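Inspection log for the structure reproduced underneath, given as structure tokens.
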2 protein chains.
Amino acid sequence: MARTPAPDTRDRILGAAARLFYEHGVRAVGMNRIIQEAGTGKNLLYQHFPEKADLVAAYLAVARDVRDSAARLALVDARTPADTLVALVAEVAAKVAEPGFRGCAFRNYLAEFPDDADAAPTRVARDYLGASRAAIDAAAGEVDPSGELAERVWLLVDGLYSQAAYRNRLDGDVARAGAAAVRLVEALVR
Amino acid sequence: MARTPAPDTRDRILGAAARLFYEHGVRAVGMNRIIQEAGTGKNLLYQHFPEKADLVAAYLAVARDVRDSAARLALVDARTPADTLVALVAEVAAKVAEPGFRGCAFRNYLAEFPDDADAAPTRVARDYLGASRAAIDAAAGEVDPSGELAERVWLLVDGLYSQAAYRNRLDGDVARAGAAAVRLVEALVR
DNA sequence: ACCCTAGCGGACCGCCCGGTCCGCTTGCCC
DNA sequence: GGGCAAGCGGACCGGGCGGTCCGCTAGGGT
């Protein structure tokens, strides 16, 4: 026996990787940079994540859990389906207005990797988007069974995420879009 | 003197590059693959486009011209600002429903390259999105000077492009979103 | 206190990237 | 028709990628 392994190594690696992947894109960030930022060796990285794809999948899984928690928190006071839809859009609107927000991690990943449809990270992203979509469909279906409201709300959410990914580099006023989306969904559910 | 240069070389290269960049993403496509697909040599490629960034900028410039033509065509029958907004959204809705449509080339590029804000392709993409935005602002401003309508229409357009980029890999029914967007913008401008 | 092993940083490998350049080929000029 | 220079395909280069492995080091067991 010898040294006991550092217990937080995995978290340090995953934290550094998540920040870099989100900020610069997955392909733009090499493994060398990740271990440098995490202050560890490559051996440790590949011990926890055998391939880059595993690390990317773990990054997206963390992002999914964070999003799920935020969504649950935003919905604690929602009593009606209409409240639920407004709260969901308002939560996204608040997120996109935060400084440093660079769009939805899952949509960004799928845009960066249109191929390899069977890779682990792609599955995580697809599953998350499918589940989000199902949640909106369920709430909207109670207000408007035709499904038209669900499509509309989904368009607003996607529009917000899309603008967050690039509008900072245009006029930088994503908060305006967020406010407009909230007002519109409030009008739509009544 | 010797051989006369092939006149369509530049177009063949640019055509192959545009298709590959759009289909697989810019970073995923190497120069070797482009010359292979174009059936030419590297010398010719670098003669017309000294760096990869120049080729990417040219690809986006072509995409911009195509989009501008399509938008002009869609607007020939629009008599009022309200008509204009509906026609613009309908045009995008038709585009996203086409098979093989993989989202907006400019938004995809910016998602893939969040850094190097001063690179030539980034400028092309940013300028195009700024001009589109200005066009929508102008038309919407005549109906609703507060700017709220412009934000709403912009959200719908962005939502459509965003869904087109990934929804084919979910339920594949982007046409539904397109139809919903058109109906919503019709309701909004009245 | 000393050994011995597990922990670990970082050198290293093959591959493919963007970009350069060599030398075969082709067809115009006389 | 032959020579020769421009056209052109593809071999080549340095560098950085993802992934492997070597050898120093630290610290628990006796």
Side-chain angles (χ1 to χ4, degrees), chain A residues 1-21 23-60 109 112-116 118-122, chain B residues 1-21 23-60 109 112-116 118-122:
Chain A
M1 317 307 160
R3 285 197 273 187
T4 62
D8 61 340
T9 302
R10 197 190 130 100
D11 288 346
R12 282 211 330 280
I13 293 171
L14 190 48
R19 193 174 52 75
L20 291 170
F21 284 156
E23 203 163 328
H24 305 286
V26 171
R27 265 205 164 96
V29 175
M31 299 304 247
N32 287 310
R33 184 156 175 206
I34 292 171
I35 56 162
Q36 187 180 334
E37 208 94 355
T40 180
K42 267 200 180 177
N43 208 350
L44 284 265
L45 196 167
Y46 280 93
Q47 191 169 310
H48 290 287
F49 307 98
E51 307 180 18
K52 188 178 185 181
D54 297 319
L55 182 55
V56 176
Y59 146 60
L60 290 179
Y109 174 82
E112 202 175 350
F113 295 86
D115 305 326
D116 44 73
D118 296 335
T122 306
Chain B
M1 316 312 155
R3 285 197 274 189
T4 62
D8 61 339
T9 303
R10 198 190 129 100
D11 288 346
R12 284 210 329 280
I13 293 171
L14 190 48
R19 194 174 51 76
L20 291 170
F21 284 157
E23 203 164 328
H24 305 287
V26 172
R27 263 204 166 96
V29 175
M31 298 303 246
N32 286 310
R33 186 156 172 205
I34 291 170
I35 57 162
Q36 187 180 335
E37 208 93 356
T40 181
K42 266 198 181 178
N43 209 350
L44 284 264
L45 196 166
Y46 280 93
Q47 192 168 310
H48 291 286
F49 308 97
E51 306 182 18
K52 188 178 186 181
D54 298 317
L55 183 55
V56 177
Y59 147 60
L60 290 180
Y109 173 82
E112 203 176 348
F113 294 86
D115 305 327
D116 43 74
D118 296 335
T122 307

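Side chains included, hydrogens not; waters and symmetry mates left out as well; all remaining heavy atoms used. Below, read A as the first sequence line, B as the second, and so on, with proteins coming before strands; counting in each chain starts at 1. Given the structure is predicted, the values throughout are model-derived calculations rather than measurements.
- Looking at heavy atoms from C-beta onward, B:V26 lies in side-chain contact with B:K52 at the 4.5 angstrom threshold.
- The side-chain heavy atoms of A:Y109 and A:T122, taken from C-beta on, include a pair separated by under 4.5 Å.
- Following rounding to the nearest Å, A:F49 (CZ) and D:dG18 (C1') show an atom-to-atom distance of 16 Å.
- B:Q47 has its CD atom 13 Å from the P atom of D:dA6, to the nearest Å.
- Atom CD in B:E37 sits roughly 17 Å away from atom C1' in D:dG9 (whole-Å rounding).
- Along DNA chain D, the nucleotide nearest to A:P50 and the one nearest to B:N43 differ in position, and the one closer to the 5' end is contacted by B:N43.
- Distance, A:L44 CG to D:dC21 P: 17 Å, rounded to whole Å.
- A close approach under 4.0 Å does not occur between any side-chain nitrogen or oxygen of A:T40 and OP1 or OP2 of C:dC8.
- Regarding B:R12, its CZ atom lies at a distance of 11 Å from the C1' atom of D:dC8, rounded to whole Å.
- The nearest whole Å value for the distance from the CG atom in B:L45 to the C1' atom in D:dG10 is 13 Å.
- Rounded to a whole Å, the CD1 atom of A:I35 is 11 Å from the C1' atom of C:dC8.
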Dump the pairs, protein N or O against N or O of nucleotides 15-18 of chain C, anything under 3.5 Å, distances to one decimal.
from	atom 1	to	atom 2	distance (Å)
C:dG18	OP1	B:K52	NZ	2.5
C:dG18	OP2	B:M31	N	2.6

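- What you find for A:G25 and A:V29 is that their closest heavy atoms are O-CG2, 3.4 Å.
- Taking atom CG of residue B:D8 and atom P of nucleotide D:dG7, one finds them 15 Å apart after rounding to whole Å.
- B:K42 places a side-chain heavy atom less than 4.5 Å from the side chain of B:N32.
- At a threshold of 4.5 Å between non-hydrogen side-chain atoms, the residues A:I34 and A:T40 do not count as touching.
- Residues A:R10 and A:F49 form a side-chain contact, since some pair of their non-hydrogen atoms from C-beta on lies under 4.5 Å apart.
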